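First comes the structure, then the notes that go with it.
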Amino acid sequence: MRKNIPINPTDLYYGCLFAAVIHAIMVGEYPELNYEHSWDGFNYSMNNSQGCVGTVTFHPQYIAAVFRDNSKIIPGKSAYDYLYDIPGTIMQVAESETLQYVLEDVGGEVKPVITAAFWGTWEELTGSQAWDEIWENGAHILENQLLPHRQSLTQWDDYYGMTSGQMKLAESLLDRKLKSAGKAVFLTTDEVKNIYGDIEESAISLQELGIFLPTASEGYYEHL
């Protein structure tokens with residue numbers, strides 16, 4: 001029996017996008033953390049560096065989310081046990097997209113390994129487990145992404161140590177990305193001054209989001 005997941009799908013998307021934008025701005029200073037957030041098409045993936053990973057697929061019609069907490073793996077339990085009663089249309093999305101990011105070699109067989117999942121539409125989300133169980137078994141990696149906007153920014157600031165300029169840039173890029181209707185978003189030369197360290201690392205993560213630095217001829221290296 002499907003159980004309701006008490007998350008607003010649009011709020012989830014905004015929180016994940018905001019996390020990815022902040023990561024892209026800050027990863028130049030922390031290139032060793034470049035694997036913690038990534039965006040591939042409409043798939044957002046996370047790795048908390050503490051044995052927990054997750055991917056949320058924001059398909060135009062459906063949402064599918066899977067998580068693996070290495071401390072919660074049950075030997076012999078299939079990923080599909082956590083996707084019990086998922087509608088066939090969403091399963092197709094999960095199999096072709098979401099589950100591709102949690103593949104592991106298990107005894108010579110490459111297959112998805114997860115410990116929690118939920119799915120649904122842009123109207124509502126459900127799962128085969130109760131929300132508190134899903135949270136405990138891996139969805140806790142979304143803790144900051146599910147906070148109200150201001151609280152989320154505070155938590156990311158605590159994690160990265162952001163300047164006021166970086167916070168303003170993150171909020172500006174989130175707003176412009178949400179309004180872009182899929183079109184490319186470009187930083188100004190002044191905005192790039194808020195990106196420090198290995199700017200190419202940031203450029204890679206920004207490009208995953210459809211956000212781009214100004215060209216070299218416009219002088220975006222001038223502040224380095």
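Just so it is clear, the model here is predicted, and its values are computed rather than measured.
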Is it the case that atom NZ in Lys168 sees more than 12 heavy atoms from other parts of the structure closer than 6.0 Å? no
Just so I know, are the side chains of Arg176 and Lys183 near enough to count as touching, which here means a heavy-atom distance under 4.5 Å? no
Side-chain heavy atoms nearer than 4.5 Å, only ILVMFWY residues, links allowed to pass through others: does that put Met46 and Phe58 together? yes
Are Ile199 and Met162 joined in one hydrophobic group, where the rule is that I, L, V, M, F, W and Y side chains link up if heavy atoms are under 4.5 Å apart? yes
Any side-chain heavy-atom pair from Ser152 and Gln155 closer than 4.5 angstrom? no
Is there side-chain contact between Glu29 and Tyr160, with heavy atoms separated by less than 4.5 Å? no
Which residue pairs pass the side-chain hydrogen bond (donor to acceptor under 3.5 Å, both in side chains) test with at least one member in residues 98-107, sequence neighbours excluded? Asp40-Tyr101, Asn43-Tyr101, Thr57-Thr98, Arg68-Glu104
Tyr30-Val192 co-clustered via ILVMFWY side chain contacts under 4.5 Å: yes
Under 3.5 Å, side-chain donor or acceptor atoms of residues 31-38 against the rest of the protein: list the pairs with distances, not counting sequence neighbours.
{"residue": "Tyr35", "atom": "OH", "partner": "Ser49", "partner atom": "OG", "Å": "2.9"}
{"residue": "Glu36", "atom": "OE1", "partner": "Tyr159", "partner atom": "OH", "Å": "2.8"}
{"residue": "Glu36", "atom": "OE2", "partner": "Ser49", "partner atom": "OG", "Å": "2.5"}
{"residue": "Glu36", "atom": "OE2", "partner": "Tyr159", "partner atom": "OH", "Å": "3.0"}
{"residue": "His37", "atom": "ND1", "partner": "Tyr44", "partner atom": "OH", "Å": "2.7"}

Shortest non-hydrogen separation from Leu187 to Pro214 and the atoms involved: O-CD, 3.3 Å
Please say whether more than 12 non-hydrogen atoms of neighbouring residues, nucleotides or ligands are located less than 6.0 Å from CZ in Phe42. yes
According to salt bridge (charged side-chain N to carboxylate O under 4.0 Å, His left out), does anything in residues 111-132 pair up with another residue at least two apart or in another chain? List the pairs. none
Could you pull out all residues at least two apart from Ala116 that satisfy side-chain contact (heavy atoms from CB on, under 4.5 Å)? Phe67, Gln129, Ile134, Asn137
Rounded to the nearest 0.5 Å, what separates atom NZ in Lys3 from atom CZ in Phe118? 15.5 Å
Val93 with Val56, same ILVMFWY side-chain cluster at under 4.5 Å: no
Shared hydrophobic cluster for Leu153 and Ile211 (ILVMFWY, side-chain gaps under 4.5 Å): yes
Quick one: side-chain contact (heavy atoms from CB on, under 4.5 Å) partners of Asp85, sequence neighbours excluded? Arg2
Below 4.5 Å, heavy atoms only, C-beta onward: do Trp156 and Ile25 meet side chain to side chain? no
Could you tabulate the donor-acceptor pairs under 3.5 Å formed by side-chain atoms of residues 6-22, not counting sequence neighbours?
{"residue": "Asn8", "atom": "OD1", "partner": "Thr10", "partner atom": "N", "Å": "2.9"}
{"residue": "Asn8", "atom": "OD1", "partner": "Asp11", "partner atom": "N", "Å": "3.0"}

